[in-house]
Amino acid sequence: MSQHKRRVAVQQVGRKQAVVAVAFVGTVALGVGVGVWASADGGGGGSVGAAPSSSGGATASSGTGGKSASPTPSPTRSYPLSQAPRTIPAVRSHTAEHGPGWQPRRADRVVVTDGRLADEGRLIAGELGLTYAGQKSDTRSGDVRLALKGSGNPESYTMTVRGGRVDISGPADAGVFYGTRTLKQEVHGGGTAPEGVVRDEPAKPVRGFMLDIARKPYSAGWIEDRIRELGDLKYNELGLHFSDDQGFRIESSSHPEIVSRDHLTKAQVKDIVALAASRHITVVPEIDSPGHLGAVIAAHPDLQLRNVNGVATRGAVDISKPGAAKIVDDLLNEYAGLFTGGQWHLGGDEYQALTVSNPQASYPQLAAAARQKYGPGGTVTDLTTGWLGDRAATVRAHHKTMRAWNDGFFRGTSVQAAKDLQVAYWTGKEIGARQPVEYLGAGRKVINYNDEFLYYVLGQPQTFVYPTGQRIYEQWTPRVIRGTTAVPARYDSQILGGSFAVWCDYPNAQTESQVANGIHLPLRATIQKLWDPRTPQLSWTSFRQLSAKLG
């Protein structure tokens, strides 16, 4: 923190520029090339505009006699070879074909072959101004057909644009959804989905964005806007850090006394979780402990950690007191049902009792509790590791997969961190910092939160500077976990992915709008590197221009 698959075998198809001998004019002349760009919610009540015309050309050529061609001509060699879609993230593979591509028309429909794809079908239909026709077995010109078929990575998909139709299929609804995101960007960016076959899947299974709503309360509407943005970019996690020294930001029934005045209601959180699920995004909650609990301590000052001289330690609870464990477990149990996804962040970082030169001497009550629990050799570090393990046991009972910050794992302890804890690696600045390879070499799975590249810290305290999309795009990869040096390639499969994070140390340094603008390009650069392991084909200038075009 601040205060702190399968890889598709890609065969590059040669591209060539061709002069169009007979240009396709029917869709434009008949008005059928007009696509509707509706609201991001997929409803019909949003802003509407005409989709841009195809870059394949709509200029009438000699030989047409000024008459319109058929609205849905079959692909022929008279069309230039299609070019790969320009999307963010870039598709992994595109097999080019000759043909006019596909443009949305008001009369076109979206159909599904399986009722489980109804949500995906309704969403893309609303976004492109088409009719959602439900589950159908017939085939019509102009159709966008969504299907579940195949096997393999559930986030993979195939999109075929041919014969005036679009077919998007995948082994699971997540992959089909990502195919619709590619189609949406194609139409938004150029008006036409290019002829040919896209085969696509992510390089990394964890593609996250984390938001600190504890220090700075964000409106539910702003968070929902980010979810829509993340979904269109093929992110699949939204982390919410909602408890810290400055505030506790979600309504609580078990401990209403700790909740800050500015907070999200449970109803709002349910809406956020539901919207995220509709975009195949898991909301990952974090109640950090045993540090960063100042908001809890404000209502329960008896739980605050004090040193041998009686001086209070900011944000830290006294883990020798049973009441501290009880209140945190109460909260973990309460929110486990609210956050229905399978992921949980336990925190575990920056416990101030371990930042002094001699924790045993400075905090004798912790040392005594450690000896009582773990025997004569028990240490404060053992007690802290045991605390995290006990909280993991609470969350594990709810069948969640858990992660904790890397500085919550300690070497040289008689008590070992739970083996199923994933490492959220953010920094190497803490006392006794370990290199990422120590965790990887021990078989741990790691999620990359590298504070050198992926930390957007409001107010830029200490040595933090706002990350730029260009630096991420040109210098960062998921293997660059700490600093600027990549870990050996042999560990790549243990690196689950990464997460861009917004921390709000100085909450008034930027408005919500400024934050959204500031993270716009970094989010796009990050997803490009998480989705496609290859060196990007576009220069940074071209990538930035594409981002501006896609919006």
Side-chain angles (χ1 to χ4, degrees), residues 1-4 203-208 210 239 286 288 290-292 345-357 359 379-382 384-389 392 401-457 461-465 467 471-472 474-501 503 526 529-530 533:
M1 289 171 52
S2 62
Q3 290 250 339
H4 33 292
K204 292 298 180 182
V206 174
R207 305 178 302 280
M210 187 168 195
E286 182 195 359
D288 204 347
H292 295 281
H345 201 315
L346 290 169
D349 67 311
E350 298 181 322
Y351 188 49
Q352 296 302 305
L354 297 176
T355 63
V356 298
S357 59
T379 65
V380 175
T381 306
D382 288 329
T384 307
T385 302
W387 166 281
L388 192 64
T401 299
M402 298 161 292
R403 68 190 68 166
W405 298 114
N406 61 287
D407 51 330
F409 295 78
F410 307 100
R411 63 157 65 95
T413 58
S414 60
V415 180
Q416 300 299 311
K419 293 188 180 300
D420 58 346
L421 274 182
Q422 298 171 353
V423 179
Y425 200 106
W426 73 281
T427 191
K429 300 182 179 73
E430 76 278 8
I431 296 174
R434 287 186 284 170
Q435 294 288 338
V437 293
E438 289 197 38
Y439 302 93
L440 295 165
R444 295 273 182 189
K445 294 180 179 178
V446 174
I447 302 168
N448 188 332
Y449 289 77
N450 188 334
D451 65 345
E452 179 79 15
F453 289 93
L454 305 180
Y455 262 37
Y456 192 95
V457 186
Q462 302 175 39
T463 60
F464 289 106
V465 295
R471 188 159 183 257
I472 296 168
E474 295 177 345
Q475 300 179 30
W476 180 80
T477 73
R479 284 172 45 211
V480 180
I481 299 172
R482 171 178 172 174
T484 58
T485 304
V487 300
R490 66 179 178 273
Y491 294 121
D492 186 68
S493 63
Q494 288 175 243
I495 302 168
L496 299 179
S499 184
F500 189 86
W503 297 103
T526 301
K529 306 303 278 292
L530 289 170

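Reckoned from all heavy atoms, side chains included, excluding hydrogens, waters and symmetry mates. The first residue in the sequence is number 1, and the count goes up from there.
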All heavy atoms of Pro488 vs all of Val437, minimum pair found to be CD-CG1, 4.0 Å

Knowing that exactly one of Thr427, Val457, Thr463 qualifies, which makes a side chain to side chain contact (heavy atoms under 4.5 Å, CB included) with Asp451? Thr427

Looking at Asp407 and Ala433, would you say the former's side chain and the latter's main chain have a donor-acceptor pair under 3.5 Å? no

Any side-chain heavy-atom pair of Arg207 and Thr526 under 4.5 Å: no

Quick one: are Thr477 and Val480 in side-chain contact, heavy atoms under 4.5 Å? yes

I need the Phe409 CZ to Arg434 CZ distance, nearest 0.5 Å. 8.5 Å

Minimum heavy-atom distance Asp349-His292, with the two atoms named: OD2-NE2, 3.4 Å

With the side chain counted from C-beta on, respond yes when Val415 and Phe410 share a heavy-atom pair under 4.5 Å apart, and no when they do not. no

Has Arg471 got its NZ or CZ under 6.0 Å from the middle of the six-membered ring of Phe453, at an angle within 45 degrees of the ring axis? yes

Of all the heavy-atom pairs spanning Thr385 and Ala417, show the shortest one and how long it is. CG2-N, 3.7 Å

Specify whether Tyr439 and Tyr425 have parallel, tilted or perpendicular ring planes, treating 30° as the upper limit for parallel and 60° as the lower limit for perpendicular. perpendicular

Leu530 and Gly498: which non-hydrogen atoms are nearest, and at how many Å? CD2-N, 3.4 Å

Stepwise, does the side-chain contact (heavy atoms from CB on, under 4.5 Å) test hold for Thr401 with Gln422? CA-CA 8 Å; Thr401 299; Gln422 298 171 353; 3.4 Å; yes

Measure the CD1-OH distance between Ile481 and Tyr491 for me, rounded to the nearest 0.5 Å. 10.5 Å

Where the side chain of Glu452 meets the backbone of Arg482, is there a donor-acceptor pair that is under 3.5 Å apart? no

Is there a donor-acceptor pair closer than 3.5 Å between any side-chain N or O of Asp420 and the backbone N or O of Met402? no

Please tell me if the side chains of Leu440 and Val423 come closer than 4.5 Å, counting only heavy atoms from C-beta onward. no

Would you mind reporting whether Val487 and Val446 have side-chain heavy atoms less than 4.5 Å apart? no

Output for pair (Leu346 CG, Leu421 CG), nearest 0.5 Å, gives 6.0 Å

Ignoring hydrogens and geometry, is there a side-chain-to-backbone donor-acceptor pair from Asn448 to Ser499 under 3.5 Å? no

Contact check, side chains of Tyr449 and Arg403, non-hydrogen atoms, under 4.5 Å: yes

Quick one: sort the Tyr455 and Phe464 rings into parallel, tilted or perpendicular, breaks at 30° and 60°. parallel

Measure the shortest side-chain to side-chain distance between Asp492 and Lys204 over non-hydrogen atoms and say whether it is less than 4.5 angstrom. yes

Which pair of non-hydrogen atoms, one from Pro290 and one from Thr384, has the smallest distance, and what is that distance? CG-CG2, 4.4 Å

Ignoring hydrogens and geometry, is there a side-chain-to-backbone donor-acceptor pair from Lys529 to Ile472 under 3.5 Å? yes

Under 30°, 30 to 60°, or over 60°: which ring-plane class applies to His345 and Trp405, parallel, tilted or perpendicular? tilted

Are Phe500 and Pro467 side-chain neighbours, meaning at least one heavy-atom pair lies under 4.5 Å? yes

Backbone N or O of Glu438 within a donor-acceptor pair of the Arg411 side chain at under 3.5 Å? no

Apply salt bridge (charged side-chain N to carboxylate O under 4.0 Å, His left out) to Glu474 and list each qualifying residue two or more places apart in sequence or on a separate chain. none

Closest heavy-atom contact between Gly483 and Asn450? O-ND2, 3.0 Å

Do you see a donor-acceptor pair shorter than 3.5 Å between the side chains of Thr379 and Asp382? yes

